Amino acid sequence: MADHISFYDTRTREVRAFEPRDGGRVAIYVCGPTVYSRIHIGNARPFVVFSLLKRFLAHAGFEVFLVINVTDVNDKIYAAAGERSSVELAAAMTEAYRSDTDRLALGRPDAEPLASEWIEAIVEEIEALLDAGCAYAAGGDVYFRVRRDSAYGALSRRDVDAMDQGEDNDGADLKEDPLDFALWKAHKAGEDSAWDAPWGRGRPGWHIECSAMAMEYLGESFDLHGGGEDLMFPHHENEIAQSESATHRTFARHWFHVRFLLVEGRKMSKSEGNFYTLRDLLLRGYKTSAIRMLLISVPYRRQLNFTFEGLAAETVAVEKLRTFRDRIANTKWAARPDSDGVASEVAEMAREARTNFRAALADDLNTADARAPIFELVRAVNARADSGKFFAEDVLPILEALREFDRVFAVLEDHDAEWTTFTLDWAEREGKLGQAAPELLATRGVTDEKIQALVEERDQAKRRRDFKRADAIRNELAGMGILLEDSKDGTRWKRK
RNA sequence: GCACCGGUGGCGAAGUGGCUAACGCGCUGGUCUGCAAAACCAGUAUUCGCGGGUUCAAUUCCCGCCCGGUGCUCCA
């Protein structure tokens with residue numbers, strides 16, 4: 001099943017066969033968040049994409065090891081902390097990042113190293129670069145000699161001589177060449193995290209931490225390295241320069257960049273007023289299943305327009321799949337009258353859908369295309385079920401197909417109600433309950449027992465043909481976010 | 001200015017040198033239902049930003065234009 005998987009490679013600018021060095025094993029490194037604030041929907045896209053990538057590769061039979069680092073020493077963190085401790089801010093925001101991404105229900109990376117915990121490895125790599133003559137210390141800083149690296153600019157297709165010389169940057173007077181970038185920054189007044197190093201007290205530059213941690217976890221050369229498109233230059237270009245100058249080996253064999261998203265058609269920014277954290281969306285009553293579905297609806301290399309209209313549409317789409325799954329699983333289907341040992345047509349449809357699903361993902365992780373066979377299967381099977389052509393022996397192939405889809409997409413498992421409770425409890429602690437959507441607040445304290453009692457009362461009213469009363473109860477439940485479905489097998493309800 | 005990406009139905013979006021241009025949402029009509037909901041059926045792009053070219057054939061390749069987006073150094 002693992003054959004013919006290919007991904008676009010930023011370095012070669014083409015869709016290339018993905019061939020891990022070590023047969024069945026895949027090592028992936030992704031540049032994660034800088035923890036100075038809660039993650040927003042733009043940060044969520046790479047997290048979702050790389051989690052899906054891992055899930056797909058694992059599903060395709062590879063043993064995947066995914067590293068997503070956390071940058072917890074950085075200028076932005078110092079700036080955001082102000083008078084407070086940057087260390088405490090970073091720790092709190094790291095926790096928030098883990099909690100928020102847990103709500104995305106895609107699992108955690110296999111390792112989530114913090115830059116601050118790998119200073120020793122970073123210092124060692126800088127020493128190696130100094131020894132090799134690729135770097136130099138100046139005024140307590142250490143810089144990398146960009147012009148010593150003839151391959152510099154290959155990833156982002158930039159001509160070193162055509163680059164802006166950046167004279168107004170920090171440390172310009174210490175650099176031999178304006179193109180050089182910092183591997184180590186000398187301690188400055190007001191910075192509350194610093195480590196001793198042979199060339200002076202300070203902290204790592206931004207790029208070196210990823211080189212060091214990637215090599216610590218995955219070795220000098222590994223399969224795939226990724227991040228947001230913004231990281232291509234200078235971050236990843238600099239990582240390649242440092243790493244390959246130190247090891248003389250290909251650092252990452254495949255480069256994978258996730259496109260930025262737009263929010264309501266515009267670039268997301270605080271000044272535009274379209275800046276949303278994951279928590280904001282949860283408080284507004286949107287479910288992470290819908291967020292995932294929306295992020296899946298556009299392939300990772302395309303710009304995605306994140307809108308509330310889109311979220312609403314995907315909420316419905318997720319519901320359609322769950323309703324279908326429940327229908328198949330919970331109905332007493334008749335045995336097939338003409339079971340003559342031939343595989344049923346439904347089993348054949350499920351097989352074909354699974355094949356198409358895998359093929360779409362194997363083709364540069366085309367998640368948008370991969371959704372089509374799922375919905376096609378749902379419609380075809382619903383149609384058969386409506387016309388009495390779905391039988392007990394068809395249940396298993398269908399549920400297995402759904403399980404396969406969900407091993408990658410994770411939208412069927414319903415944690416939504418749980419996350420809603422979690423979000424509201426958090427909002428209460430933070431005094432933000434007032435920001436919660438009214439529909440969300442209405443669901444608070446609505447227990448299954450309470451719902452069940454009302455549903456039974458309505459059923460009795462229906463039996464008396466007291467439809468006024470029955471409809472009143474249905475409306476009352478709707479106000480609590482409960483939807484009813486009458487069927488021959490009784491009334492089913494679900495939380496919206 | 002330099003580099004790059006996109007413009008497909010009401011919205012989102014896949015895709016291909018030539019079968020009826022996927023899929024999701026929406027809308028209209030129908031079946032079912034006490035009414036709904038769910039589900040299904042039918043309809044909803046004579047056409048893929050505009051102009052030109054290549055080709056027997058282009059939405060798909062090439063050129064130009066218009067529109068939108070992104071990057072261009074220490075800062076996800």
Side-chain angles (χ1 to χ4, degrees), chain A residues 13 31-37 39-40 42-43 46 71 74-76 79 141 143-144 146 156-159 162-172 175 178-183 185 205-207 227-235 237-238 259-262 265-267 293-294 296-299 301-307 309-321 323-324 326-327 356 360 363 366-376 378-387 462 465-468 470-471 474-475 478 483-488 491-494:
Chain A
R13 305 277 162 108
C31 297
T34 297
V35 284
Y36 65 103
S37 65
I39 64 160
H40 56 255
N43 296 325
T71 295
N74 179 286
D75 287 324
K76 280 203 164 175
D141 293 347
Y143 293 97
F144 182 87
V146 167
S156 56
R157 303 263 164 120
R158 266 157 227 259
D159 178 358
M163 281 185 199
D164 181 346
Q165 298 297 290
E167 272 93 6
D168 51 349
N169 298 314
D170 289 353
K175 292 181 185 179
L179 292 174
D180 295 347
F181 60 87
L183 297 171
K185 295 181 176 190
W206 169 37
H207 317 295
E229 63 168 333
D230 54 312
L231 298 177
M232 199 166 104
F233 187 88
H235 188 56
E237 197 73 70
N238 291 353
R259 194 86 189 265
F260 265 5
L261 50 72
L262 258 38
R266 289 164 305 156
K267 184 178 176 172
M293 207 54 172
L294 182 54
I296 285 166
S297 73
V298 180
R301 282 200 293 131
R302 291 250 194 164
Q303 192 168 66
L304 176 143
N305 187 11
F306 191 95
T307 65
E309 194 188 349
L311 270 181
E314 299 303 341
T315 304
V316 175
V318 168
E319 210 42 61
K320 186 195 193 90
L321 298 179
T323 301
F324 173 73
D326 293 345
R327 177 185 194 186
N356 292 339
D363 180 14
N366 192 336
T367 50
D369 202 18
R371 301 198 324 167
I374 303 177
F375 286 104
E376 279 164 0
V378 168
R379 180 167 31 72
V381 170
N382 267 326
R384 288 186 145 255
D386 283 359
S387 58
K462 275 179 66 187
R465 302 193 69 77
D466 181 358
F467 295 122
K468 257 197 188 112
D471 290 353
R474 186 164 64 195
N475 284 337
L483 296 181
L484 299 185
E485 259 181 60
D486 294 334
S487 80
K488 291 176 193 71
T491 303
R492 280 199 283 267
W493 62 268
K494 62 187 176 190

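Chain letters run A, B, ... following the sequence lines, proteins first and then strands; every chain starts at 1. Just so you know, these numbers come straight off a predicted model, no measurement behind them.
- Under a 4.0 Å N-O distance rule, the pair Arg327(A)/Glu485(A) does not qualify as a salt bridge.
- Between the side chain of Asp471(A) and the base of G34(B) there is at least one donor-acceptor pair of N/O atoms closer than 3.5 Å.
- As judged by a 4.0 angstrom heavy-atom cut-off over every strand, Glu229(A) is placed among residues touching the sugar-phosphate backbone only.
- Contacts of Ala372(A) with the nucleic acid, taken as non-hydrogen atoms under 4.0 Å apart, include base atoms.
- For C25(B), one of the phosphate oxygens OP1 or OP2 lies less than 4.0 angstrom from a side-chain nitrogen or oxygen of Lys320(A).
- Between the P atoms of U16(B) and A22(B), the separation comes to 14 Å (whole Å).
- The side chain of Pro299(A) approaches A14(B) more closely than any other nucleotide in the set A39(B), C41(B), A14(B).
- Closest to the side chain of Phe260(A), from the set C25(B), G71(B), A14(B), is G71(B).
- In this structure the side chain of Asp471(A) reaches within 4.5 angstrom of the side chain of Arg474(A), judged on heavy atoms.
- In this structure, Ala182(A) reaches the bases: a heavy-atom distance under 4.0 Å links it to at least one base atom across the strands shown.
- Looking at Asn74(A) and Tyr36(A), their side chains never come closer than 4.5 Å, going by heavy atoms from C-beta outward.
- Rounded to whole Å, atom P of A37(B) lies 11 Å from atom CD of Glu485(A).
- For the OP1/OP2 pair of U8(B) and a distance below 4.0 Å, the side-chain nitrogens and oxygens of Arg302(A) include no atom meeting the criterion.
- In this structure, Arg379(A) reaches the C23(B) phosphate: one of its side-chain N or O atoms is under 4.0 Å from OP1 or OP2.
- The distance between atom CZ of Arg301(A) and atom P of A13(B), rounded to the nearest whole Å, is 16 Å.
- Comparing the P positions of C41(B) and U55(B) gives a spacing of 45 Å, expressed to the nearest Å.
- Sequence order on RNA chain B of the closest nucleotides to Glu319(A) and Asp180(A) puts Glu319(A) first from the 5' end.
- The distance from atom NE2 of His235(A) to atom C1' of U73(B) is 13 Å, rounded to the nearest whole Å.
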- Note on the structure: Annotated structure of RNA chain B as dot-bracket, pair cut-off 3.5 Å, Watson-Crick or G-U only, | for inter-strand, is (((((((..(((.....[....)))((((((.......))))))....(((((..]....))))))))))))....
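- Using a 4.0 Å heavy-atom cutoff across all strands shown, Phe375(A) reaches sugar-phosphate atoms only and no base atom.
- Residue contacts for Gly42(A): at a heavy-atom cut-off of 4.0 Å it reaches no nucleic acid atom on any strand shown.
- Relative ring orientation between His207(A) and His235(A) is described as tilted, the plane-to-plane angle lying within the 30° to 60° band.
- The Arg158(A) side chain lies nearest to C72(B) when the options are C40(B), C25(B), C72(B).
- Taking atom P in both C27(B) and C11(B), the straight-line distance is 15 Å, to the nearest Å.
- The side-chain heavy atoms of Asp369(A) and Asp363(A), taken from C-beta on, include no pair separated by under 4.5 Å.
- The distance from atom CG of Leu483(A) to atom P of A39(B) is 12 Å, rounded to the nearest whole Å.
- Arg327(A) comes within 4.0 angstrom of the backbone, heavy atoms only, and of no base.
- Counting any heavy atom pair closer than 4.0 Å across all strands shown, Asn382(A) reaches sugar-phosphate atoms only and no base atom.
- Using atom P as the reference point in both U20(B) and G7(B), the two lie 24 Å apart (nearest Å).
- Shown here for Glu229(A) and Phe260(A), the closest heavy-atom pair between the two residues is OE2-N, 2.9 Å.
- Here A22(B) presents its P atom at 13 Å from CG of Asp369(A), a figure rounded to the nearest Å.
- The Asn366(A) side chain lies nearest to G15(B) when the options are G15(B), C11(B), U73(B).
- Taking the P atom of each, C2(B) and G64(B) are spaced 13 Å apart, rounded to whole Å.
- Side chain Arg474(A) to base C35(B): a donor-acceptor pair is found below 3.5 Å.
- No contact: Asn238(A) has no heavy atom under 4.0 Å from any strand.
- Spacing between A45(B) and C23(B) at atom C1', rounded to whole Å, works out to 15 Å.
- Between the side chains of Thr323(A) and Lys494(A), at least one donor N or O lies within less than 3.5 Å of an accepting N or O.
- Judged by distance alone with a 3.5 Å cut-off, no donor-acceptor contact links the side chain of Asn356(A) to the base of C23(B).
- Between the side chain of Asn305(A) and the main chain of Gly265(A), a donor-acceptor pair closer than 3.5 Å is present.
- The gap from the C1' atom of U54(B) to that of U59(B) amounts to 16 Å, rounded to the nearest Å.
- Within the 4.0 angstrom heavy-atom criterion, base atoms lie near Arg259(A).
- Between Glu376(A) and Pro33(A), the one whose closest nucleotide on RNA chain B sits nearer the 5' end is Glu376(A).
- The side chain of Glu309(A) approaches C11(B) more closely than any other nucleotide in the set C11(B), A14(B), G12(B).
- If you take atom C1' in G9(B) and the same atom in U44(B), they sit 8 Å apart, rounded to whole Å.
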